[in-house]
Number of protein chains: 4
Amino acid sequence: MPAPPAPHTTSPVDAAGRRLTTRGQKRRAQLMLEGARLFAERGYHPTSVQEIVATLGVGKGVFYWYFSSKEEFFLEILRAAQTDLRRRQQAAIADETDPIRRVELGIEESLRWFREHREMFNLFQFAITQEKFAPVLRQGQQVAVGDVVRHVKEAIVEGRIRDQDPELLAQAIVGVMSHLARTYLYERDESVEAVADGAKAFCLHGLLG
Amino acid sequence: MPAPPAPHTTSPVDAAGRRLTTRGQKRRAQLMLEGARLFAERGYHPTSVQEIVATLGVGKGVFYWYFSSKEEFFLEILRAAQTDLRRRQQAAIADETDPIRRVELGIEESLRWFREHREMFNLFQFAITQEKFAPVLRQGQQVAVGDVVRHVKEAIVEGRIRDQDPELLAQAIVGVMSHLARTYLYERDESVEAVADGAKAFCLHGLLG
Amino acid sequence: MPAPPAPHTTSPVDAAGRRLTTRGQKRRAQLMLEGARLFAERGYHPTSVQEIVATLGVGKGVFYWYFSSKEEFFLEILRAAQTDLRRRQQAAIADETDPIRRVELGIEESLRWFREHREMFNLFQFAITQEKFAPVLRQGQQVAVGDVVRHVKEAIVEGRIRDQDPELLAQAIVGVMSHLARTYLYERDESVEAVADGAKAFCLHGLLG
Amino acid sequence: MPAPPAPHTTSPVDAAGRRLTTRGQKRRAQLMLEGARLFAERGYHPTSVQEIVATLGVGKGVFYWYFSSKEEFFLEILRAAQTDLRRRQQAAIADETDPIRRVELGIEESLRWFREHREMFNLFQFAITQEKFAPVLRQGQQVAVGDVVRHVKEAIVEGRIRDQDPELLAQAIVGVMSHLARTYLYERDESVEAVADGAKAFCLHGLLG
DNA sequence: AATGAATGAGGATTCATTCAT
DNA sequence: AATGAATGAATCCTCATTCAT
């Protein structure tokens, strides 16, 4: 199966929708990086636009040149992160044909990504609780679940997984992964491999298996 | 095994630590109920103290008579909810001696509680993302995990569960439960029983079992 | 010259003008004492009625039983202090016939009183700057100046003081006294005697004398 | 003796420490002028930031663009006034070599300054009673006293003033001056010259001289 | 005489956003 | 593209005062 085409990402634009120069793209990216960091550290509401631009040593005008509002800015961060995470997952399983291995590789790569993007975990978790942001999050998660569902279905067809609701299984996997990521990756700073092994074992065999 | 004594909850006090009259206790509870509802609906930061008291038709001073700050108020809500959830879990498993059944009953009862207290789910989720509130949440979750760990250990001793890190197993269960609660209980409004069955099956047997 | 009759102090009343029981008088005095202390320590505005009653461990109702408002309460404190100071000055000079000695004794006794009532100094100073309270203060100071003026006039008649505006001299004396009290009595904690000697020397001879 | 160089005043900055444009400096000065006026008229606490900005017809944000807090704003006013007063005193005595004349010129010029800056007198008086502001005031007063002390010492060396504690003398002079300023300059609206003459006479000769 | 509870106007401060330059 | 300045609604919280009991 060929790797799916890279998701069509719209090229970065300013608040008025104009395409950006190279320098402009750098600024925009800088803002999003810094914003994600600060939002993760202190929360969305407690972080002011002022703080974000001050950290970069620029004026407030810059922010509103690139983003139409704080809310849109945050959404943009969420979207970009989801896109990036998905790309990484896809790349990780591209060469694997065994559906169960694909699930395992997906878990591993996801944990690796979350390890590298600590900030985003809290941001996702927060976003899901706010009506304004939840839709974007849900959509992204649905995509991720959809990916897993495909593998699970394949494995059910092959008779390697009991015949159950594939989506429920996929959701459960996502639940295990994200909770273990928070607990072991962030709170206890354990290695991706250790956590991934635990997650894979539990997801495949449960308590009794 | 006798039901454990109800945890000694300190009697409600006002912002200055004075004990409350019956009327006062009622007001305090009213505020917390309404506060939880509003925080869940619109978020902690977007909900103002003004809105909370306005909903009850009382003056702003009332709020600060009972709570020293909005932050403390929120913490109080979190603590009370955790205490209540735990009480319910304990009560549900009190008469069961089989450790694996205990885990199952715990899952069921937790989902039932979350179904009845929709508001609290989002609140917990949000709280865990904010440094100010996370400690309280983590502590409560640690207690819950500790409960599960005890059952799992027992079952490992009895040779009914493979010998693995009991805490990791417990954490995975919590992860499954909370993610399924969000997805199926809240977003899709399914029945507690259906979700509980799915959760139990996954937790006990995993994908392959 | 006979000692003037003790100033007719109206007997203490509650906020509605009713005469007080012995116990009531004690409470009232307690409140004023504590209020003066707190007002001096943190300022009039920054000190809340709540704090005053809390220090005495009583409810807010008590305060409003005895005083009709915070403002009136403060005025009452000022009046009582002025009355007390004057009584002490009068008593100190009662037996002295030499007008210049009388001025000296007045300076000494005033400094002694201020030493014993540190709180009141700041309160007076503050009150004089607020339009609401200044009239009471001015009136009290005018009385004090009037006392000195009488002695000075007498001394001028006797030819012992140069013929100048007696009030200006009296005011100057008051200025010296209060500034030296602040600087040496409070800020540097020197003895009443030392400060009094300095004040007397300066007031009698000036720089050149 | 050449006039000392004007004290190096740091150029005005906004609340975050950034240097200001010409327009910004004007605004900042405007705010301080208006603030001093209002604080003097109604007191520090009874005057709200809202009132200050409303008087200038600007938004509340303007205030916090230039000053980090109401407290800091007040301190800034105090500091600026003290600096200005000192500059005037220095300028007034620059060309005079006789130490006693210097004291006299200092008294005169100070009274003139206070006449022109009625607002500041009350502000100083108030500030000295509040722990938050007193340090700044005391420091300024210490500088003023130090100036006088120098002249007095010189005069003592020349044998023109009796050998006494020069600082006590200086403090007494300050006391006379400020009390007479309040009484005659403000309450009775007399001329600077008349008050200055009275003050000088008293300070040089005292009652008896 | 006294308390706990309530009121609600008002205070300092923040902050997303806009605008002139 | 970017800045400094400005806006003003909204926020949390305080506090003098009142009231029912």
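Residue numbers start from 1 in every chain, and the chains themselves are labelled A, B, ... in the order their sequence lines are given, proteins ahead of strands.
- For B/Gln82 (side chain) and B/Arg79 (main-chain N/O), no donor-acceptor pair under 3.5 Å exists by modelled atom type.
- Separation of atoms NZ (A/Lys26) and CZ (A/Arg23) is listed at 10.5 Å; rounding is to 0.5 Å.
- Atom CZ of D/Arg28 and atom C1' of F/dA6 are 17 Å apart (whole Å).
- Not one side-chain nitrogen or oxygen of D/Arg19 sits closer than 4.0 Å to the OP1 or OP2 atom of F/dG4.
- In this structure, NZ of D/Lys26 is placed 15 Å from C1' of F/dA5, rounded to the nearest angstrom.
- Side-chain contact between D/Lys132 and D/Leu75: absent, with no pair of heavy atoms (C-beta onward) separated by less than 4.5 Å.
- Here the side chain of D/Trp65 is nearest to one of E/dA1, F/dG4, F/dA16, namely F/dG4.
- In this structure, B/His45 and A/His45 have tilted ring planes: the angle between them lies in the 30° to 60° band.
- The strand DNA chain F forms stems, runs of 3 or more Watson-Crick or G-U wobble pairs with distances below 3.5 Å, at E:2-21 with F:2-21.
- Considering only side-chain N and O atoms, D/Ser48 lies nowhere under 4.0 angstrom from the phosphate OP1 or OP2 of E/dG10.
- Taking side-chain N and O atoms only, D/Arg27 has no distance below 4.0 Å to OP1 or OP2 of F/dA5.
- A/Tyr44 carries A/Lys70 over the face of its six-membered ring, with the cationic atom under 6.0 Å from the centre and within 45° of the normal.
- Spacing between atom CZ of C/Arg18 and atom C1' of E/dA1 amounts to 10 Å, rounded to whole angstrom units.
- The aromatic rings of C/Phe133 and C/Phe126 sit tilted, their planes meeting at an angle between 30° and 60°.
- Between B/Leu20 and C/Thr21, the one whose closest nucleotide on DNA chain E sits nearer the 5' end is C/Thr21.
- Rounded to an integer number of Å, the gap from A/Gln30 CD to F/dA2 C1' is 14 Å.
- For the pair B/Glu51 CD and E/dG8 C1', the computed distance is 17 Å after rounding to whole Å.
- Comparing C/His45 and D/Gly57 against DNA chain F, the residue whose closest nucleotide sits nearer the 5' end is D/Gly57.
- Taking all atoms of both residues into account, the shortest heavy-atom contact from C/Ile52 to C/Leu38 is CA-CD1, 3.8 Å.
- Using a 30° and 60° split on the angle between ring planes, C/Phe73 and C/Phe63 fall in the perpendicular class, above 60°.
- Among the protein residues, B/Thr47 comes within range of the sugar-phosphate backbone only, with heavy atoms under 4.0 Å from sugar or phosphate atoms but none that close to a base.
- With F/dA6, F/dT3, E/dT7 as the candidates, the nucleotide lying closest to the side chain of B/Val62 is E/dT7.
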Might you list the N or O atoms of the protein lying below 3.5 Å from N or O atoms in nucleotides 17-19 of chain F, with each pair's distance?
residue, atom, partner, partner atom, Å
F/dT17, OP2, C/Tyr64, OH, 2.9
F/dT17, OP2, C/Lys70, N, 2.9
F/dT17, O4, C/Lys60, NZ, 3.2

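- Straight-line distance from the CZ atom of C/Phe67 to the C1' atom of E/dA2: 15 Å, rounded to whole Å.
- With a 6.0 Å cutoff to the six-membered ring centre and a 45° limit on the axis angle, A/Arg28 does not count as a cation-pi contact of A/Trp65.
- Inspection of the A/Gln30 and A/Arg27 side chains reveals an N or O donor paired with an N or O acceptor under 3.5 Å.
- Residue B/Tyr66 places no side-chain N or O under 4.0 Å from the OP1 or OP2 atom of E/dG4.
- Distance, D/Leu56 CG to F/dT7 P: 10 Å, rounded to whole Å.
- Whole-Å rounding puts the C/Leu38 CG to F/dC15 C1' distance at 15 Å.
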